[in-house]
Amino acid sequence: MRFRHSLLARYLLIIMVALILWPFVLPAYLIPSYLLDKDLQQKTQYIDTNLLKEMWHHEAAKLDGATPEQVEQKLYTLKEKYPHASMFWVDGSGETKLVLSEQNNNPDQWTIENNIEFINQRDEVPLTFLSYIGGDQSNGYIAFQIPLSFTKPPTFSIIDDKFLAIYTFFVFGLFLFVSWLFFFKIRKRLVHLQTAMTDTKENGIPEKIAVNKKDEISELGQAFNHMIDELIKSRQHEQEEEELRKQLIANISHDLRTPLTAIRGHAYSLQKEPLSPKGKESLHLIENKVDLLSHLLENLLSYTLLSAGKYTLQRKESEMIRFIRESMAGWYPVFEKEGFKVDVDLAEKTLIWNIDPHWFMRIVDNLLQNVIRHAKSGQYIGVRIVDYEGKTAILIEDRGPGLEVTTDKKGAGIGLSIVSLMIQEMQLGWKITSSTNGTQIYLYENNKGKTPN
Amino acid sequence: MKNKLLYIEDDKEIGTWVREDLTGRGYHVIWLTSGDGVLDRMEGIDLVILDIMLPGLDGFSIGQRLKKEYPETPILMLSARTSIDDKLQGLQFADDYVTKPFHPDELAARVEVLLRRFGKISLPIIQLSHLNIYINQNRIVDTGSNNEIILTAKQFQIFTYFLRHPNQILTKEQIYEAVWGNPFMEGDKTLMVHIRHLREKIEENPSQPKIIETIRGIGYRVKQ
């Protein structure tokens with residue numbers, strides 16, 4: 001980034017302009033008012049007393065050898081030029097010849113006494129210049145008096161001068177406004193950047209922003225865009241890895257199942273051979289273990305995928321009664337074969353839950369599988385719609401020996417862990433009560449997150 | 001006449017065993033170890049059993065091609081790939097999906113169900129309890145009295161739906177939607193009424209039905 005493009009440079013420019021313009025602010029106000037105000041123009045000529053003094057001596061020197069008329073004429077001219085000043089002329093003999101003053105209290109004849117009196121009678125001693133005409137004492141002198149107040153430069157006070165006050169506030173205001181505008185624009189761009197960083201697209205990554213300046217914020221924007229590129233790249237990478245992982249898991253599953261199938265096949269073929277009762281028992285055991293291994297494998301792989309968030313959840317409004325009934329229709333022959341009493345009591349009403357049907361199928365399958373495996377001694381499976389703590393719940397009940405733990409779901413095997421994970425993901429709730437007389441599992445929809453209609 | 005099955009499986013051990021087992025059950029089995037040239041072997045095939053992991057073209061691609069060319073031939077996927085994704089992908093074109101390791105009886109049962117659903121088994125007579133059912137002639141005869149039983153169109157549709165899904169528990173929703181073609185409304189008694197009338201005609205003792213079994217809370221089943 002070049003310095004001239006930076007925000008720092010721009011702010012420095014604003015400050016510099018303010019500093020450079022500041023000395024011109026007051027003159028910019030005063031010059032027009034001076035030009036317009038004749039009285040002020042008049043008054044200003046008394047301020048520089050040295051200049052006045054020089055002028056007076058100069059004029060006196062010029063009057064060398066002048067006739068009294070010429071002196072008088074000169075004094076009248078000067079009085080016209082300096083109307084606020086008093087002037088008088090005393091000749092060589094000390095006689096007052098001419099007084100040009102608003103208040104005439106000059107003595108006619110100047111002596112020491114009336115000189116003192118003349119000075120003392122004044123409240124305010126005016127500034128006085130005395131110049132001998134032609135520089136010679138015998139020619140007499142001319143005097144120039146101006147009240148001291150006239151020699152002071154005019155003061156400018158925003159208290160007295162309303163327009164000056166407004167003008168000053170305007171200048172300050174202008175500076176503040178320019179500064180505010182500068183920071184407001186920065187703020188606006190920062191907020192815009194923040195919004196862009198917060199708003200995410202459906203892939204969870206924010207959109208890139210348009211960068212068209214060359215300052216610090218734009219550099220930040222470019223860095224942000226770069227980060228987005230990196231994010232997208234890493235997301236792609238992640239997806240590829242996810243795909244690989246899925247593939248790997250599917251392949252492992254496949255590679256383990258293929259030999260299991262062969263074992264099952266050979267065991268089945270053996271059944272047709274003449275075998276001793278013990279041999280038949282072993283064979284039966286082999287078949288059971290093949291089943292068990294196959295289920296374990298299934299659950300293990302599901303759990304791995306599920307816990308890594310690799311199963312996509314697709315929830316939709318589903319009719320639960322119908323769903324459960326169809327599930328039970330599939331499972332009925334299995335229970336029947338194992339000699340279970342199947343008690344299905346589903347109210348003839350509509351029960352709509354927002355679930356992923358495949359996931360829910362998996363939950364039901366796992367729970368029913370557990371009943372067959374662990375609660376066979378009870379010879380009973382009940383599936384009912386019941387009221388559980390004010391919620392409509394699906395109850396799956398057996399009369400088996402019960403789970404060792406009633407509330408802690410960890411001890412209940414990987415099948416229940418899968419159920420637990422899936423239930424959590426679908427924002428459903430479940431509750432297990434278990435005793436030595438059997439186990440009840442309630443599945444219900446959490447009201448949380450559901451819009452009332 | 002034997003039903004001809006085309007079996008595509010690359011694993012020699014499993015292939016040998018399945019072919020032997022199905023042959024023993026009375027099917028004519030043609031076993032291929034890859035999908036190469038499968039379309040040339042489809043002449044007269046009643047059902048295809050297809051593995052997914054195959055050398056060359058995978059089972060999904062082969063299955064999709066077969067279904068496009070021969071929509072009337074049922075395809076049964078038989079695979080060690082068990083994930084939901086695989087099953088869903090498979091069932092887009094296949095008619096059933098059996099995962100390995102499977103029990104040979106289950107495979108045989110599913111093959112039979114598929115063959116029957118697609119009308120590939122032409123059993124002239126089905127014997128159910130005291131009934132003889134002549135599928136091709138749409139005739140049902142009571143063997144006790146030798147009288148023909150006349151069913152209404154709806155009753156006949158319901159009954160043949162059961163016969164096409166033997167030993168399977170069918171829910172009220174499934175039957176209603178298959179026969180009437182409309183979505184089932186919870187609480188609708190139409191189907192129950194029809195089943196009652198059907199039982200009055202075909203059961204020896206309608207209050208203790210033997211043919212159409214009620215599975216309480218779930219649905220109905222016709223065992224064969």
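Chain A is the first sequence line, chain B the second, and so forth, proteins listed ahead of strands; every chain is numbered from 1.
Heavy-atom pairs under 4.5 Å with chain B peak, among A:Met328, A:Glu319, A:Glu326, A:Arg325, at A:Arg325. The greatest number of non-hydrogen atom pairs below 4.5 Å with chain A, out of B:Asp21, B:Asp86, B:Thr16, is found for B:Asp21. Contact tally against chain A (heavy-atom pairs below 4.5 Å) for B:Lys172, B:Met185, B:Lys87: the top residue is B:Lys172.
Under a cut-off of 6.0 angstrom, the local environment of CZ in B:Arg65 is sparse, with at most 12 non-hydrogen atoms contributed by other residues, nucleotides or ligands. Within 6.0 Å of CD in A:Glu281 there are 12 or fewer heavy atoms belonging to other residues, nucleotides or ligands. Applying the 6.0 Å contact sphere to CD of B:Glu106 captures more than 12 heavy atoms from other residues, nucleotides or ligands. Within a 6.0 Å radius of CZ in A:Arg399, other residues, nucleotides and ligands contribute 12 heavy atoms or fewer. More than 12 heavy atoms of other residues, nucleotides or ligands shown are found within 6.0 angstrom of NZ on A:Lys272. Annotation: B:Arg41, atom CZ; neighbour count of heavy atoms from other residues, nucleotides and ligands within 6.0 Å does not exceed 12. Atom NE2 of A:His284 is surrounded by 12 or fewer heavy atoms from other residues, nucleotides or ligands within 6.0 Å. Under a cut-off of 6.0 angstrom, the local environment of NZ in A:Lys376 is sparse, with at most 12 non-hydrogen atoms contributed by other residues, nucleotides or ligands.
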Determine, stepwise, if the pair B:Glu13 / A:His266 fulfils side-chain contact (heavy atoms from CB on, under 4.5 Å).
CA-CA 9 Å; B:Glu13 251 177 298; A:His266 286 293; 3.0 Å; yes

Check step by step if side-chain contact (heavy atoms from CB on, under 4.5 Å) holds for B:Leu88 and A:His358.
CA-CA 10 Å; B:Leu88 290 181; A:His358 296 299; 3.2 Å; yes

Trace of the salt bridge (Lys or Arg N to Asp or Glu O under 4.0 Å) decision for B:Arg216 with A:Asp343
CA-CA 7 Å; B:Arg216 210 177 76 81; A:Asp343 179 11; 2.9 Å; yes

Audit row: A:Asn251, B:Met53, side-chain contact (heavy atoms from CB on, under 4.5 Å) steps and yes/no:
CA-CA 9 Å; A:Asn251 287 347; B:Met53 305 282 262; 3.2 Å; yes

Can you list the steps and then say if B:Lys100 with A:Arg264 is a side-chain contact (heavy atoms from CB on, under 4.5 Å)?
CA-CA 9 Å; B:Lys100 291 177 185 169; A:Arg264 154 69 52 78; over 6 Å; no

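When all heavy atoms of B:Trp17 and A:Thr261 are compared, the closest pair comes out as CZ3-O, 3.6 Å. Taking all atoms of both residues into account, the shortest heavy-atom contact from A:Arg257 to B:Pro101 is NH1-CD, 3.6 Å. Shown here for B:Ile169 and A:Pro333, the closest heavy-atom pair between the two residues is CD1-CD, 4.1 Å.
Between B:Thr171 atom OG1 and A:Ile324 atom CD1 the span is 12.5 Å, to the nearest 0.5 Å. Between atom CG of residue B:Asp10 and atom OG1 of residue A:Thr258 there is a gap of 8.0 Å, rounded to the nearest 0.5 Å. Atom OH of A:Tyr332 is separated from atom CD1 of B:Ile218 by 6.5 Å, given to the nearest 0.5 angstrom.
In this structure, no portion of B:Lys12 lies under 4.5 Å from any heavy atom of chain A. The contact between A:Leu346 and chain B is made entirely by side chain atoms (from C-beta outward), counting heavy-atom distances below 4.5 Å.
For B:Arg221 and A:Glu336, the salt-bridge test passes: some basic side-chain N is under 4.0 Å from an acidic carboxylate O.
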